[in-house]
Amino acid sequence: MDFTLPEEIEEKRKKVREFALREFTEERKRYYDENEKYPFDIRKMAYEQGIVNFSNPWDLLVTIEELCRVDPGLGISSFVYAFGSEILMLFGSDEQKKKYLEPVQRGEKIMGFAVTEPVAGSDVAGIASKMERQPDGSYVLNGSKMFITNGSIADYVLVLARTGPPPSEEKRHHNMSMAIVEMKWPGVSANKLRGKMGVRATDTAELVFENVRIPPENIIGEIGKGFYYVMTFFNITRIYVAAMSIGIAQGALDMIVEKAKKDRRFSSQESIQFTIAEMATRVDAARLLTYRAASLLFQFNPDPVFTSMAKYFAAETATYAAETALKVTGLDGAVTSLERLFRDSKIMEIWEGSSEIEKLVIYRMFMKKMGVE
Amino acid sequence: MDFTLPEEIEEKRKKVREFALREFTEERKRYYDENEKYPFDIRKMAYEQGIVNFSNPWDLLVTIEELCRVDPGLGISSFVYAFGSEILMLFGSDEQKKKYLEPVQRGEKIMGFAVTEPVAGSDVAGIASKMERQPDGSYVLNGSKMFITNGSIADYVLVLARTGPPPSEEKRHHNMSMAIVEMKWPGVSANKLRGKMGVRATDTAELVFENVRIPPENIIGEIGKGFYYVMTFFNITRIYVAAMSIGIAQGALDMIVEKAKKDRRFSSQESIQFTIAEMATRVDAARLLTYRAASLLFQFNPDPVFTSMAKYFAAETATYAAETALKVTGLDGAVTSLERLFRDSKIMEIWEGSSEIEKLVIYRMFMKKMGVE
Amino acid sequence: MDEEHRVLESVVGEFATKEIEPINKQIELEGIPIDLKKKLSAQGFLGALAPYELGGASLDRLGYSILLKQLASASPSVAFYIFLQNSLVIKSILLEDDIREKVMSISSGNSSGTFYYSNKLNFLDYGGVVNDGRMLRGTLNAVINSDANIFIIPDNNGRFYLLENGYSALDEHEKLGLRGLRFSPVRFEVDIGNAVELPVNIDEILDDIHLPISSIALGIAQGALNKAIEYAKERSAFLHKLKDFQPLAFGMAQAYSQLDILKEYMVNIAQGERDINKELMLKIVSIDFAREVSKLALQVHGGYGYLMDFGIEKYYRDAMFLSILGGNHIDEKIKLSSTIFQEKAGWI
Amino acid sequence: MDEEHRVLESVVGEFATKEIEPINKQIELEGIPIDLKKKLSAQGFLGALAPYELGGASLDRLGYSILLKQLASASPSVAFYIFLQNSLVIKSILLEDDIREKVMSISSGNSSGTFYYSNKLNFLDYGGVVNDGRMLRGTLNAVINSDANIFIIPDNNGRFYLLENGYSALDEHEKLGLRGLRFSPVRFEVDIGNAVELPVNIDEILDDIHLPISSIALGIAQGALNKAIEYAKERSAFLHKLKDFQPLAFGMAQAYSQLDILKEYMVNIAQGERDINKELMLKIVSIDFAREVSKLALQVHGGYGYLMDFGIEKYYRDAMFLSILGGNHIDEKIKLSSTIFQEKAGWI
């Protein structure tokens, strides 16, 4: 057993923390939050300063953690421009990688991942968007997508849609496929969602596809395997969300510790001391669950039970930590970044599989391990 | 990062589990619990079958876990006969090791560790027992000790007592020393405590020392360093308690999973499924915290923050898991070992530093790490 | 709360302090002594719900709640015993005019009854006792107060019978809680001619236990919390009384607040018009609360809390056992959910 | 609850549905419109505690609690505004006969007041505004309703002054919650001759806010929970309505039960004899409860809950802000602990 990260990863962690503390100024945090604007400048800085490194997964993990520790909105925006890229890495054709993935990795283009729908929500198998095959081999896409990160700024999005009816109620997840859709194509429209409670620097939109023609070479992998690709992707992104969450939780802990350092009247209360001890413990527990899940994933051996445990526990730790820190720091917290952290944190329990979804995954996969089908 | 234990440790885990399932029969569990008797026969079996191995710390850790998973009372009794031995290993003289430690390690003698007092409780620095130096160099011990494991069956106990008054209120922990006291010596008496809620197979007693003469060679280490030795010891035993706790929590989880496997009406309730998912997650979080703390300790680099986090979180997980499993399995749980697990679990939050003590340690040491004195 | 009920509360409180507290350990180890039953009877508590002419006190809902709460704060076992005799046994007997006089033997302490209903709450199938038309035969695995001499049990069709012979209690289970009552399997082999069928509607019976079970739960919380408060005022650590430390003091203050809130609700609904939903809501909240508070109270006592002699650990065990025997079960939560959503809910 | 208060409850409920719900988004984005203030005034709600002759409704404690709860269930901002005007500003003004007529301008919606008390609850030192005998000078960093034209603020000695000029509100803070009210630092530079000293006893004032703050908290819980229940009846996932899933349904049933229990306690203590301890106990429990329920309600709504348009996330933010502005703070817990232990407690 070894609970330490390689030294170069810890070095990178320091570098990212310095970057975030330097560039995520109070003014920027506030500006992008208030104006619900995607911070193109920060994304560019993060790219140019070598902060975001998709080639080393541990590096990426601690980067996510440290960026979100200082500001989740700006932090997520710094790396989320490549959202969905793992799908192309794993299942895309060489042509697709060249045409779509590489420009994203070079920091030139922005990608999105369009699965969730207004009606289906967490229930991926319940989506209604359709891609119908045409005589010429192309597909025509109709439907709408909801809560799509990067939706109004992306150059292209990876869309999940039905390419056939569900064979039965139990097999609702069959006959789904994925395709790369360029946002500039006719029939594609995006409606930026305003008024999110938090992570307001990130871009979120509703997408509508009306008779969008998709050339056959833009279908990802095999027809009919879309649901499987999405679930594979979630096994990766849930770990990223867990990393965001422990970043947030750590950020909240940082703030209460800061106040305790400065204000003796505050820190001398034993109830505050216990709060810090409890919070520090939970943050560490969440971090360990996250690193364990990540460790398996990074060895190409992801365990969905461990992944969902990490995502669910870390997300609940993020809101718990932000709530608790804000509650006990009172007005001091209400007029600082802590209140933003509080607003940001809640989404962690909702996206990439709500806590409820994670628990179902844990239960089912865990019982499978225990020999129950 | 590596979250796997060496293969031989996992093999040993299996062996211990088989032992516990085979030897901790329902009849034995019930007999020793009902009669509040220390199971000498089981201790002997565990020794003879090579279950308890003090020479490999990871081996010992998973052994504790697996034994307590099946029955904490019998499980603890199987290895606790050497309670306190780390003190002698670390601070004892060669003679002391030969005379007192080796017979214990050979399974011939039973040792105890006598720190807690009736009035002082968790507050180690508040103890009142005294060892007074005599003109001939020997010491005379007076005082009483409470909740002493093995108290009425031990051949000798390691006693903490004042060898001088506290220099000041802040330095109450100064001027304390440790000595080896043989239970057969004149002036030593033990009063077995009956009516513990759980872990009733373990032996617990109140000890009274009346003018007990201690030869100078029985003083452990240096005079005046007793408090430090005790705290060092807690850094070890708290990890053992954490291991007991994750054993209990896992045992409770086992039982609810068993019921879910057998009873479809039970397992089809989504609220039950969520309960299992939540419990499995917490057990894993506690296990990871424990293994991390252990990993540092076993590299002779214990971190008191991590140790106390593990102890506190694992103990609360044990009671949470036992309570939750019993609550949801209802009468089925009430007439099986689960109710015993419930009674056993609560002590984990109390002994070797209550949850409250652990939180204070976490807070103080954590703030020290953060640069606060 | 009116004067009459205030007086009852204080009378029962004194009774508990004087007659129960001193023999609590004996109750835990040996069961409720007949002497105490006689004293309970003399006060009319044993047949609390029975009419005066049958040796009872004919208490109203509020009086009964107060009685159970006050008794439970000293001994949950005694409170549960009274509950069992009244809410289950006496009420069932009174359904059948011919056997009314049996109530007298219970309220006088000469007989002791039990009523088996736990299947309904515990995902167990009926069928332990099979009725073949001539005999009732079979074993019920988890019978509380199994040294009773009056048994009311369901057959495999869910019809209830009262029997006074043909039973034999087997070896006791290890006892989680309510140790004043025997808890064991009971084997039945009864000629149907010796059994009296009672027109028990089990669903109605179970609706009727919410308020009394809540009262016992609140009594447990009250008893445990009072002991913890007293202890925290006496006991020192680190040169200060335990009460001076925020984590302990605030925890107890929080519990005290919740208890006060729940007690007022109990009084409101016990003296107001009958509202089964409110009774169920109170039960769902107060059973969990009793478990939490008893755990806190034990923790405040440290190692001493773990020892029987301090009279604290029993609340923790009893609260858990009460939650198993008394409710807050999935079926009830489904029922409550369906009321709140005004249509079937919470069934997946 | 008597008929009169029942009617009030339903009247305020209708008012909230008809006059507040439709403009909730506007309130959040732009503040409480003057038009709404006029309507609140017409009903007597704006000067709820003021006497009739000063444009108020002279509500009793129960009426005031009901008003705040019902308003908060639609808009916590509006409820908090009413609370601020009445419990803090109007009450303070009425301490000084000479300036009674200022109450009229508040209850008519022509003036708006604020009262700064947050230091006492937030480990901050007084001293933001220094009184040198001639001038009051300084900045208070976190003033709620900072676009008021009547300010009641403490000087560095804890003496309170009412001012109507010499203030300037600075840039707004990003707003955690209660977005209908402006929240910013305010700079003061006032000739002492233009300030009216008021004999405010801040400890009494703070004792008086427990019940109203509790009422707002319970209103938040009620508003959030009702929306969640409605949503769970409409929304489907995995081929079933959300209400059919136990974890969601049971969570809401539990919250519904606790809310009912707390509401009855609120009514009891608001119509019973004044008991500050009970008011504080209610506040300590109900503020935490409001945070929990609003979080649950948001989660039930999934991604939509995170969007302002659905009117759910505001309860979560507002409950948190209320807990910061309204209490459940360490000092109060020490106070409550000391009452329960009948001597100083919880101070370490």
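Between chain B and the residues A:V361, A:L360, A:L296, the largest count of heavy-atom pairs under 4.5 Å involves A:L360. Here B:F274 is the residue among B:F298, B:F274, B:F366 with the most heavy-atom pairs under 4.5 Å with chain A.
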Run the numbers on B:I256 and B:L253 for side-chain contact (heavy atoms from CB on, under 4.5 Å), then give the verdict.
CA-CA 5 Å; B:I256 186 172; B:L253 179 60; 4.1 Å; yes
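The minimum heavy-atom distance between A:A249 and A:A318, with the atom names listed, is CB-CA, 4.1 Å. Of all heavy-atom pairs spanning B:L61 and B:A294, the tightest one is CD2-CB, 3.9 Å.
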Which donor-acceptor pairs lie under 3.5 Å between chain B and chain A?
from	atom 1	to	atom 2	distance (Å)
B:M1	N	A:T4	O	3.4
B:D2	N	A:D2	O	2.9
B:D2	O	A:D2	N	2.9
B:K261	NZ	A:M370	O	2.9
B:E278	OE2	A:K359	NZ	2.6
B:D284	OD2	A:R292	NH1	3.0
B:D284	OD2	A:R292	NH2	2.6
B:R292	NH1	A:D284	OD2	2.9
B:R292	NH2	A:D284	OD2	2.6
B:K359	NZ	A:E278	OE2	2.7
B:M370	O	A:K261	NZ	3.0

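Using a 4.5 Å cut-off on side-chain heavy atoms (C-beta onward), B:F79 and B:I51 make no contact. Counting heavy atoms from C-beta outward, A:L297 and A:F306 have side chains that stay 4.5 Å or more apart. Counting heavy atoms from C-beta on, the side chains of B:I272 and B:V328 come closer than 4.5 Å.
From A:I347, atom CD1 reaches atom CD1 of A:I248 across 10.0 Å, with rounding to the nearest 0.5 Å.
B:L289 touches chain A through backbone and side chain together, each having a heavy atom under 4.5 Å away.
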